[in-house]
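Note sheet for the following structure.
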Amino acid sequence: MFRTYQGWRTQLQTPQGAVNVHGIGSIKIPVKLAPNNRSGFKNRRRKRHGTLSLPVVLHAPDSICNIIGDRDPTDPRAYLLDVTLNTESEKISAEVWEGDKRVCYFTDITGLGLHALRLSGPPVGHLVRPSAFQKNTPYAMGAEWDPEERDYWEDRNGDSGHRWFTKKQQCFVDDLWGTLEKFMRFIDLDIYEPENYRVARLVLERIMPLRGTEHFRHVAAAMGDKRRFLELLGPELREEIGRRKVEKKR
């Protein structure tokens, strides 16, 4: 689930052909930090799991799978990928480091060198489906973003991506809705339309100052009732959201 998101049209080149990108955002992924971490000590849980932060994630719904790319290793913000061969098991392990801190690790899921990120399962992480990749089956995987397209994005938005909301607004959304996608869906705005984020900011500017007041109790109580929540926003914001919905249908 995206924490921040901006509609953005570009393409990725893959072995299967060109794949359309609909937007770019940032995500945080709960991950395991190392293999063989099935210790039963509860006080070690946090040390066994971490969070992989990816500030520039291209949303390509038609991609065959999620792919984590690399960046210039001379960039001080880049992660360091350490690939080693275990001479006893003859298995290759791939760990990702940020300075002297292990961030995550990958395992070979096919036995032929296709490595997948090891995610944290419930209750730390999310429930995901089993991998569709088969053992002992070769796959040609990869994706390339045209450098000119990447440069254009970075020139327009900065290397970490465009921030539609202030940090305080983002924290407010995280507290009440969990993710940006859920918030936009709740107020009936399409996350793929850049103009919708202007309207979403107006919604936040309307309700955030109410926090801590008696009126905010009514707002919070309406979180499970979309119609009631929109009524509390006032006629001008309701009309603005309605116009955005009409434009989407066109």
Side-chain angles (χ1 to χ4, degrees), residues 1-5 12 23-61 63-71 73 75 77-86 89 91-135 137 139 141-143 160-161 163 165 167 170-186 191:
M1 301 288 278
F2 286 96
R3 289 176 56 82
T4 62
Y5 191 91
L12 291 171
I24 299 176
S26 64
I27 62 174
K28 289 189 175 183
I29 309 173
V31 293
K32 293 182 178 179
L33 295 179
N36 303 322
N37 60 356
R38 296 182 180 273
S39 168
F41 296 105
K42 292 183 179 180
N43 61 346
R44 293 184 183 178
R45 179 177 299 278
R46 290 190 178 182
K47 293 182 180 180
R48 293 184 288 134
H49 299 273
T51 301
L52 177 63
S53 297
L54 302 176
V56 181
V57 178
L58 280 66
H59 179 212
S63 175
I64 191 171
C65 67
N66 296 318
I67 299 173
I68 296 181
D70 59 3
R71 63 185 303 161
D75 190 325
R77 296 162 298 178
Y79 290 126
L80 174 64
L81 177 63
D82 180 27
V83 181
T84 57
L85 173 65
N86 186 316
S89 65
K91 291 184 178 180
I92 295 176
S93 64
E95 299 177 345
V96 177
W97 294 77
E98 185 177 27
D100 60 353
K101 177 184 176 183
R102 184 190 288 113
V103 178
C104 61
Y105 82 103
F106 294 75
T107 55
D108 187 349
I109 58 174
T110 62
L112 299 175
L114 181 62
H115 285 71
L117 179 66
R118 292 294 293 166
L119 305 176
S120 298
V124 177
H126 305 291
L127 183 65
V128 296
R129 295 186 223 175
S131 172
F133 295 107
Q134 303 296 316
K135 283 282 189 182
T137 302
Y139 295 93
M141 303 301 302
S160 61
R163 180 180 289 278
F165 304 130
K167 189 173 182 179
Q170 185 65 51
C171 289
F172 185 84
V173 170
D174 291 346
D175 287 345
L176 296 185
W177 285 276
T179 67
L180 176 62
E181 287 180 88
K182 289 181 180 179
F183 167 59
M184 296 292 284
R185 194 160 53 235
F186 184 77
I191 65 172

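Distance check: Arg3 CZ to Lys28 NZ gives 4.5 Å after rounding to the nearest 0.5 Å. A distance of 11.0 Å separates CE in Met184 from OG1 in Thr179, rounded to the nearest 0.5 Å. Between the OH atom in Tyr5 and the NE2 atom in His59 there is a gap of 5.0 Å [rounded to 0.5 Å]. Note that OG1 of Thr51 is 9.5 Å distant from CD1 of Ile29, once rounded to the nearest 0.5 Å. We find the CG-CD1 distance between Leu54 and Ile68 to be 5.5 Å, quoted to the nearest 0.5 Å.
By the side-chain contact (heavy atoms from CB on, under 4.5 Å) test, Leu112 is found to be paired with Thr110, Pro138, residues two or more places apart in sequence or in another chain being considered. Judged as a side-chain contact (heavy atoms from CB on, under 4.5 Å), and not counting sequence neighbours, Pro130 has no contacts. Considering only residues two or more places apart in sequence or on other chains, Phe183 meets the ring-ring contact (aromatic ring centres under 6.0 Å, His included) condition with Trp177.
Contact annotation: the side chain of Lys32 never approaches that of Val124 to less than 4.5 Å [non-hydrogen atoms, C-beta and beyond]. Counting only heavy atoms from C-beta outward, the side chains of Tyr139 and Ile64 never approach each other to under 4.5 Å. The shortest distance between side-chain heavy atoms of Ile67 and Leu12 does not fall below 4.5 Å. Side-chain contact between Phe133 and Met141: present, with at least one pair of heavy atoms (C-beta onward) separated by less than 4.5 Å.
The two residues Ser26 and Pro55 have their closest heavy-atom pair at CB-O, 3.5 Å. The minimum heavy-atom distance between Leu117 and Val31, with the atom names listed, is CD2-CG1, 3.9 Å. Among all heavy-atom pairs drawn from Val103 and Leu33, the shortest one is O-CD2, 3.2 Å. Across all non-hydrogen atoms, the minimal contact from Arg118 to Thr107 is CD-OG1, 3.2 Å.
Within a 6.0 Å radius of CG in Asp174, more than 12 heavy atoms belonging to other residues, nucleotides or ligands are found.
Panel note: side chain Ser63, backbone Pro61; no donor-acceptor pair is recorded below 3.5 Å.
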